[in-house]
Amino acid sequence: MKTPIVVIVGRPNVGKSTLFNRLVGKRGAIVDNISGVTRDRNYGEVEWSGKEFQLIDTGGYVPNSTDLFETAIREQVEIAINEADSILFVVDVRTGVNPLDIEMAQILRSSNKDFYLLVNKVDSENFEPAVAEFYSLGIKNIYSISALLGRKIGDLLDELTANFLTVNPDDDGDPRLKIAIVGRPNVGKSSLTNSLLGYDRSIVTDVPGTTRDSVNSILKYFGQDIILIDTAGLRKKKRVEESIEFFSMVRTLKSIGECDVAIIMLDAQQGIESQDQKIIDEAVRRRKGIVIAVNKWDLVEKDNRTTKQYEDAILDKMGSIDYIPIIFISALTKQRIFKLVDLCIEINTERKKKIQTSALNEILLPEIGKSPPPATGTGREVKIKYITQAGSHYPVFIFMANYPKNIPDNYKRFLEKLIRKNFGFNGVPFTLSFKQK
């Protein structure tokens, strides 16, 4: 069972970003009274009563051009219907029913998806009578809320998560290696899928986002079945750029959640950009195996220093995430694409690797003794006394210490590098946990 995806939709300035911030529990989005101010993609995880779901705010995907406004919003609703598990449709009690609200309600009603009409800005009981107007939309699940004040949000979450299962999102019972091919539109994701499979599984053109549906494909590779999750974009006539961005983000989040190893594809001619870094951050946060594949390498003029310079430029932008392998490929000419698959298999093996407790303590404790954690603010010596590995889906290293809360972040990074130096885990994000001895 995968983490459910919930998408917030609605016309501009009804409070979508305020609701997102309320549910995620932090100010992750810019909020202003002027419509169209949300420009970053906004997504986060929400936990409620032991259940988790991915929340996506569509506020940043509405263009300023008035002739594209309705088109963009309509397309986002259609994408949400296709991709989300549940939809939160937000309207504004202060402005009443809007023609665009009516159209969006018709689209949602004709779908088979769970959706909830949230009449926002009901900051007190004084606004409750005005909610009655929205019953004209013919929607059963209507909730009057105040995203700003948090009024009746708990009741909404109880209903929203009622059918969500409390299970491990990584535990789907399928032992086959699942590889997600993710990246910005038009970096060659479908071309790579087609080259690996040996036939045109996905439509390929030079127009960003030309794959309408994403059905997992099975790659037969030296006697084993590998599931390829192609996350290419969506083709539709006159599609606006913001909707391509939105669709790409939703599909990427779903695919990273489903995979064991994520291939982050870059365009060799464009390099690594902020959107790529956000995808990498999401894969790291979910503790997936990661490899960076620089595609279209056949189009780059090279000398004997080009590869090293390119690698250094990528690693410099990724900062502390310096354990991800980088491979240069060409999906068109099939250059190193099967070496890429071999690398994914190796990373998946590393992700499942268990280090014996005796080996961890015999090798790491002496090195920790040479460079111990700094003393606490009161001068007390901080000692790490015992190390063990846990985690069934990705590595978790538990450090038992006398003052675990006093171990600084820079020393935690030192411990991470110590583990990687001695035990590998190439391309594998892992968790360090510090507990009281």
Side-chain angles (χ1 to χ4, degrees), residues 1-11 14-29 31 42-59 76-77 79-94 97 101 104-105 107-172 250 253-254 257 285-286:
M1 180 68 184
K2 305 305 178 188
T3 305
I5 288 185
V6 178
V7 177
I8 302 172
V9 301
R11 56 188 175 82
V14 294
K16 297 189 296 295
S17 295
T18 306
L19 177 64
F20 174 85
N21 292 337
R22 169 66 61 179
L23 296 180
V24 172
K26 60 184 179 181
R27 286 186 58 82
V31 180
N42 296 307
Y43 55 88
E45 288 216 348
V46 180
E47 189 275 331
W48 182 256
S49 299
K51 299 177 181 180
E52 289 188 351
F53 60 89
Q54 281 273 333
L55 183 67
I56 301 173
D57 172 25
T58 62
Q76 286 171 13
V77 174
I79 292 169
I81 289 171
N82 291 331
E83 299 297 324
D85 297 293
S86 293
I87 301 162
L88 302 180
F89 173 27
V90 185
V91 294
D92 186 347
V93 73
R94 311 290 177 93
V97 176
D101 295 334
M104 294 173 72
I107 297 172
L108 289 167
R109 267 204 316 270
S110 63
S111 74
N112 293 319
K113 287 292 174 76
D114 289 332
F115 74 96
Y116 303 84
L117 177 64
L118 310 186
V119 185
N120 191 28
K121 305 183 184 179
V122 184
D123 296 341
S124 69
E125 292 183 358
N126 295 333
F127 293 96
E128 289 287 353
V131 176
E133 178 185 356
F134 291 90
Y135 283 93
S136 64
L137 296 176
I139 296 173
K140 179 178 67 174
N141 297 322
I142 297 182
Y143 293 85
S144 59
I145 66 165
S146 171
L148 183 64
L149 303 179
R151 187 172 183 266
K152 295 189 177 181
I153 294 294
D155 295 340
L156 166 66
L157 288 172
D158 286 340
E159 183 68 23
L160 175 66
T161 60
N163 296 321
F164 292 175
L165 299 180
T166 310
V167 294
N168 191 311
D170 289 319
D171 187 12
D172 63 358
V250 176
L253 283 179
K254 288 185 67 176
R285 191 184 66 80
R286 287 174 167 263

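Each residue takes its place number in the sequence, starting with 1. Hydrogens, waters and symmetry mates are skipped; everything else that's a heavy atom, side chains included, is used.
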Hits for side-chain contact (heavy atoms from CB on, under 4.5 Å) against S124, two or more places apart or cross-chain, chain-then-number order -> N126, F127

Applying side-chain contact (heavy atoms from CB on, under 4.5 Å) to E159 and not counting sequence neighbours gives Y116, Y143

Student check: side-chain heavy atoms of [X] and [Y] closer than 4.5 Å:
X    : Y    : answer
F53  : L157 : yes
L108 : I87  : yes
N120 : V14  : no
I145 : D155 : no
V6   : V46  : no
N141 : F115 : no
L137 : M104 : no
S49  : T161 : no

[X] [atom1] to [Y] [atom2] distance, which is reported to the nearest 0.5 Å:
X    : Y    : atom1 : atom2 : answer
L23  : L160 : CG    : CG    : 8.5 Å
L88  : L117 : CG    : CG    : 10.5 Å
L118 : L19  : CG    : CG    : 6.0 Å
D158 : K152 : CG    : NZ    : 13.5 Å

Is the shortest distance from a Lys or Arg side-chain nitrogen in R151 or E128 to a carboxylate oxygen in the other one below 4.0 Å?
yes

- Is any NZ, NE, NH1 or NH2 atom of the basic residue among D123 and R94 found under 4.0 Å from an Asp or Glu carboxylate oxygen of the other? yes

Test of understanding: with salt bridge (Lys or Arg N to Asp or Glu O under 4.0 Å), list the residues that count as partners of [X], not counting sequence neighbours.
X    : answer
D114 : none
K51  : none
R109 : none

To check you understand the geometry: which heavy-atom pair defines the closest contact between [X] and [Y], and what is its length?
X    : Y    : result
S17  : D57  : OG-OD2, 2.9 Å
L149 : R22  : C-NH2, 3.3 Å
V93  : K121 : CG1-O, 3.5 Å
I153 : A147 : CD1-CA, 4.5 Å
V7   : A84  : CG2-CB, 3.5 Å

Residues at least two apart in sequence or cross-chain that pass side chain to side chain donor-acceptor pair (under 3.5 Å) with R11, listed by chain then number, are T95, D101

(request) Kindly say whether V97 contributes a backbone atom to a donor-acceptor pair with the side chain of E133 at under 3.5 angstrom? (result) yes

